[in-house]
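Okay, structure first, notes after.
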Amino acid sequence: MLRTHTCGDLSEANIGESVTLCGWVDSYRDHGGGLFVDLRDRYGLTQVVFNPPDTSEELIELSKTLRTEYVIQVTGNVAARPEGMANKKMSTGAIELRCTDFKLLNKSKTPPVSPSATGKDLPGEDLRLKHRYLDLRRPEVQRTLLLRDRLIKGMRDYFADHNFADIETPVLGRSTPEGARDYLVPSRVHHGTFYALPQSPQLYKQILMIAGYDRYVQLARCFRDEDLRADRQPEFTQLDVEMSFVDGDDVIGVIDGLVAKLAKEHLGIDVPTPLPRMTYDEAMERFGHDAPDLRFGMELIDCSDLAPKSDFGVFKSVVEAGGHIRAINVKNGTKQYSRRGIDGLTEFVQGLGAKGLAWFRVEEDGKLGGAIAKFFSEELLEEFKERLGTEPGDLILFSADKFAGTCRILHALRTKIAKEMQLYEPDTMNFSWVVEFPMFDYDEDTKSWTAMHHPFTAPLEEHLELLKTDPGKCRAQAYDLVINGSEAGGGTVRIHDSEVQSQVFELLGIDEQTASERFGFLLDALQYGAPPHAGIALGVDRWVMLFAKLDNIRDCIAFPKTQKAGDLMTDAPGTVDAKQLKELAIKLDM
RNA sequence: GGCGCCGUAGCUCAAUUGGUUAGAGCACUGGACUGUCGAUCCAGAGGUUGCGGGUUCGAUUCCCGUCGGCGUCGCCA
């Protein structure tokens with residue numbers, strides 16, 4: 001070992017000891033006669049002093065060549081800092097290391113990304129990704145990755161304690177017809193065929209249930225070749241779980257326990273279980289989104305029955321066309337949003353595809369004011385006031401659109417406004433379940449049904465008949481874990497009955513031959529004594545993001561991809577040799 | 001693929017309606033200094049204003065295209 005302690009270890013208890021530290025020069029202060037260095041490693045910062053009499057003239061001369069990010073090994077005496085010189089901002093600020101010997105282990109070029117930069121001095125993200133090894137030295141990033149390590153350790157321990165078996169599944173698999181775009185890997189042995197990287201180990205874990213491994217868990221790397229977002233990477237980690245002889249409540253109960261444990265250990269908060277649940281339909285009614293942020297209210301209010309009574313043309317025509325008029329009441333919103341501010345909100349919703357933004361301002365005397373008020377009779381305005389629960393100072397924002405459109409617009413407004421008006425404490429954590437998702441989405445373009453979750457999801461038992469009569473109303477035994485308005489995990493009870501499975505495939509327009517080609521192995525397996533089973537997958541990267549209070553998933557991953565799915569450090573993806581292409585029988589057509 | 005924001009010194013930023021030699025802080029180089037802690041003081045060096053084209057007497061500034069980063073919609077069973 002080149003060191004006896006780390007840069008976070010030493011305190012007044014070590015005064016008088018001779019110790020050796022290794023680390024990077026975080027900063028240096030040259031005083032002519034002597035020199036101070038803040039030495040950094042993963043564990044902290046320690047001040048090293050190169051001063052007579054402890055340090056020889058020769059070593060002081062050498063110390064003057066030190067620059068930031070040089071790597072050194074220092075031996076010295078731990079000493080209390082002189083009277084009044086303690087640094088309360090440092091955890092090791094009571095002591096310092098007085099150098100008696102040191103060795104330059106390595107030099108560094110002037111770093112383009114300074115590990116000690118914070119706030120607005122932080123270099124651009126492209127530069128930090130290019131020099132990721134420097135960015136990863138930043139204490140803030142190290143804290144996040146180490147939190148990630150602890151969360152994963154907590155997950156592994158929890159499932160091990162509950163008798164789950166960790167079983168690995170292949171990365172090279174076969175492309176499935178539905179879902180996200182696959183990442184493909186060409187086969188050298190079978191020209192013209194391709195493996196697909198897994199979007200999730202879904203089918204394998206069901207096979208494991210059929211094979212009798214009744215409690216399975218895996219930290220699985222998943223791949224989806226779709227466009228990126230602040231909370232979405234093409235390559236991500238799922239905590240994948242599957243259980244046999246259980247129903248959805250059992251799976252939810254297991255995850256409730258995990259949430260409570262990790263929230264206690266890493267956030268120091270007591271989360272009461274069972275976590276609250278809400279159906280998908282209720283979530284869309286009240287919040288306009290399937291992952292509602294419950295840290296604040298501002299629920300959606302439907303006014304579709306009142307609105308057409310006005311002379312406001314937009315409201316009338318939208319309702320006549322079968323659309324909805326819904327609103328949110330922004331309490332005390334007129335203070336935050338002046339006329340100019342409302343213009344800003346209008347531009348915001350127009351950017352989301354809305355034609356405009358109708359609004360009321362609640363005046364001091366309680367009356368509803370604003371450009372559209374003149375289209376409303378006194379009586380009707382009273383009805384609106386009652387429906388919306390208005391008080392002076394409130395701002396009412398409307399969306400007039402098809403139901404889905406009002407959901408999209410009002411959810412976006414609700415989220416944006418809550419953030420701008422700081423309607424919740426930044427440290428609040430809210431965990432809940434959204435359950436009973438629709439089985440199917442209707443695709444207007446292709447005039448066909450698609451699976452909302454995946455085609456192996458079981459409908460509610462009482463909705464089995466709806467598969468034949470009214471698929472749009474059919475709800476699934478599906479559940480999503482929602483943390484602060486983010487989907488943090490999702491799962492379903494699986495179909496274990498080949499009869500029901502056939503019905504679902506038929507609805508989805510997957511004929512027998514196609515089904516058999518794509519996942520015949522699962523359909524076969526289901527006929528050999530498949531136990532009832534259910535499972536869930538948690539988005540590990542998102543959990544880290546939420547537990548670390550970050551708003552960007554790249555900061556939770558050591559080597560993330562950019563929005564164009566590239567790696568700025570390695571420059572992946574890259575071209576390959578003609579020889580490699582020839583072996584794979586691939587010709588480029590560009 | 002659509003929409004929006006951004007790109008100026010190694011880094012973070014500035015530069016008036018389009019106007020002389022593109023500035024500042026940090027970092028870097030040289031010097032001074034015995035207790036600093038974002039040390040301080042003096043001096044210096046450092047620029048293809050992402051790239052290409054256009055408008056103009058003149059472009060960092062306006063226009064078009066392109067590359068890259070970010071956000072968002074589509075997309076993400």
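Labels below follow one simple rule: chain letters A, B, ... track the order of the sequence lines, proteins then strands, and each chain is numbered from 1.
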[atom1] spacing across the pair [N] / [M], given as an integer number of angstrom:
N: B:G47; M: B:A9; atom1: C1'; value: 5 Å
N: B:A15; M: B:C75; atom1: P; value: 41 Å
N: B:G35; M: B:U40; atom1: C1'; value: 13 Å
N: B:C6; M: B:U61; atom1: P; value: 14 Å
N: B:G7; M: B:C13; atom1: C1'; value: 13 Å
N: B:G50; M: B:C70; atom1: C1'; value: 16 Å
N: B:U16; M: B:G71; atom1: P; value: 30 Å
N: B:U36; M: B:C11; atom1: C1'; value: 24 Å

May I ask you to verify if any side-chain N or O of [X] is less than 4.0 angstrom from the OP1 or OP2 atom of [N]?
X: A:R67; N: B:G10; result: no
X: A:R229; N: B:C73; result: yes
X: A:S27; N: B:C37; result: no
X: A:Y28; N: B:A27; result: no
X: A:Q47; N: B:U36; result: no
X: A:K89; N: B:G38; result: yes

Taking the minimum atom-to-atom distance to the side chain of [X], which one of [options] wins?
X: A:P112; options: B:C70, B:G35, B:G10; result: B:G10
X: A:E226; options: B:C73, B:G71, B:C76; result: B:C76
X: A:M85; options: B:U36, B:C11, B:G38; result: B:U36
X: A:R29; options: B:U36, B:U12, B:U72; result: B:U36
X: A:R81; options: B:U36, B:G30, B:G71; result: B:U36
X: A:T110; options: B:G71, B:C11, B:A27; result: B:A27
X: A:L352; options: B:C73, B:G10, B:G71; result: B:C73
X: A:D227; options: B:C75, B:G35, B:G71; result: B:C75

Going from NE2 on A:H131 to CG on A:D126, what distance comes out if it is rounded to the nearest 0.5 angstrom? 9.5 Å
Candidates A:T562, A:D541, A:I557 - the one meeting side chain to side chain contact (heavy atoms under 4.5 Å, CB included) with A:Q233: A:I557
Partner nucleotide of [N] by Watson-Crick or wobble geometry (both distances under 3.5 Å):
N: B:C3; result: B:G71
N: B:U34; result: none
N: B:U66; result: B:G50
N: B:A27; result: none
N: B:U60; result: none
N: B:A9; result: none

Using a 4.0 Å heavy-atom cut-off, does A:Q199 contact any base of the nucleic acid, only the sugar-phosphate backbone, or nothing at all? nothing
Closest-nucleotide 5' rank along RNA chain B - winner of A:R224 and A:A86: A:A86
Given that A:H454 and A:R554 both sit by RNA chain B, which one's nearest nucleotide is further toward the 5' end?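 In this pair, the answer is A:R554.
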Just the rounded figure in Å: distance from [atom2] of [N] to [atom1] of [X].
X: A:L228; N: B:C70; atom1: CG; atom2: P; answer: 8 Å
X: A:D135; N: B:C11; atom1: CG; atom2: P; answer: 14 Å
X: A:L35; N: B:C37; atom1: CG; atom2: P; answer: 13 Å
X: A:K130; N: B:G50; atom1: NZ; atom2: P; answer: 18 Å
X: A:M452; N: B:C75; atom1: CE; atom2: C1'; answer: 15 Å
X: A:E347; N: B:G71; atom1: CD; atom2: P; answer: 22 Å
X: A:R408; N: B:C75; atom1: CZ; atom2: P; answer: 10 Å

Taking N and O atoms by type only, does the side chain of [X] place a donor or acceptor under 3.5 Å from a partner on the base of [N]?
X: A:D121; N: B:C26; value: no
X: A:R128; N: B:G69; value: no
X: A:R232; N: B:C76; value: yes
X: A:D126; N: B:G7; value: no

Should A:R81 and A:E12 be marked as a salt bridge (Lys or Arg N to Asp or Glu O under 4.0 Å) after you check the CA-CA gap, both sets of side-chain angles, and the distance that decides it? CA-CA 10 Å; A:R81 296 206 188 174; A:E12 283 164 303; over 6 Å; no
Which word best sums up how the rings of A:F223 and A:Y183 line up, parallel for under 30°, tilted for 30 to 60°, or perpendicular for over 60°?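 A:F223 vs A:Y183 ring planes: perpendicular.
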For the residue pair A:F456 and A:F505, does the interplanar ring angle fall in the parallel (under 30°), tilted (30 to 60°) or perpendicular (over 60°) class? perpendicular
For residues 83-92 of chain A, run the donor-acceptor check on the side chains, cut-off 3.5 Å, and write out each pair with its distance to 0.1 Å, sequence neighbours left out.
unit_1: A:N87; atom_1: OD1; unit_2: A:K89; atom_2: N; d: 2.8
unit_1: A:T92; atom_1: OG1; unit_2: A:L45; atom_2: O; d: 2.5

Determine, step by step, whether A:L413 and A:L357 satisfy the side-chain contact (heavy atoms from CB on, under 4.5 Å) criterion, reporting the C-alpha distance in whole Å, the side-chain angles of both residues, the deciding distance to 0.1 Å, and the verdict. CA-CA 11 Å; A:L413 277 174; A:L357 180 64; 4.0 Å; yes
Is A:E436 close to A:D281 at the side-chain level, that is, under 4.5 Å between some pair of heavy atoms?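 SC-SC contact between A:D281 and A:E436 ruled out.
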Taking the side chain as every heavy atom from C-beta outward, state whether A:L481 and A:W433 have any pair of such atoms under 4.5 Å apart. yes
For RNA chain B, the residues among residues 507-521 of chain A that have a non-hydrogen atom under 4.0 Å from it: none
Check for a donor-acceptor pair, side chain of A:R42 on one end and backbone N or O of A:T6 on the other, with a separation under 3.5 Å. no
Could you tell me whether A:K549 atom NZ has more than 12 heavy atoms of other residues or ligands within 6.0 Å of it? yes
Other residues, nucleotides, ligands: >12 heavy atoms within 6.0 Å of A:E506 CD: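 Counting other residues, nucleotides and ligands, CD of A:E506 stays at 12 neighbours or fewer.
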Extract from the structure each pairing of a protein N or O with an N or O of nucleotides 32-34 of chain B at less than 3.5 Å, listing the distance.
unit_1: B:C33; atom_1: N3; unit_2: A:G32; atom_2: N; d: 3.2
unit_1: B:C33; atom_1: N4; unit_2: A:G32; atom_2: N; d: 3.2

Donor + acceptor pair across side chains of A:T450, A:D441 (<3.5 Å):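 A:D441 and A:T450 do not have a side-chain donor-acceptor pair below 3.5 Å.
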A:R494 and A:H454: side-chain donor and acceptor closer than 3.5 Å?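 Yes.
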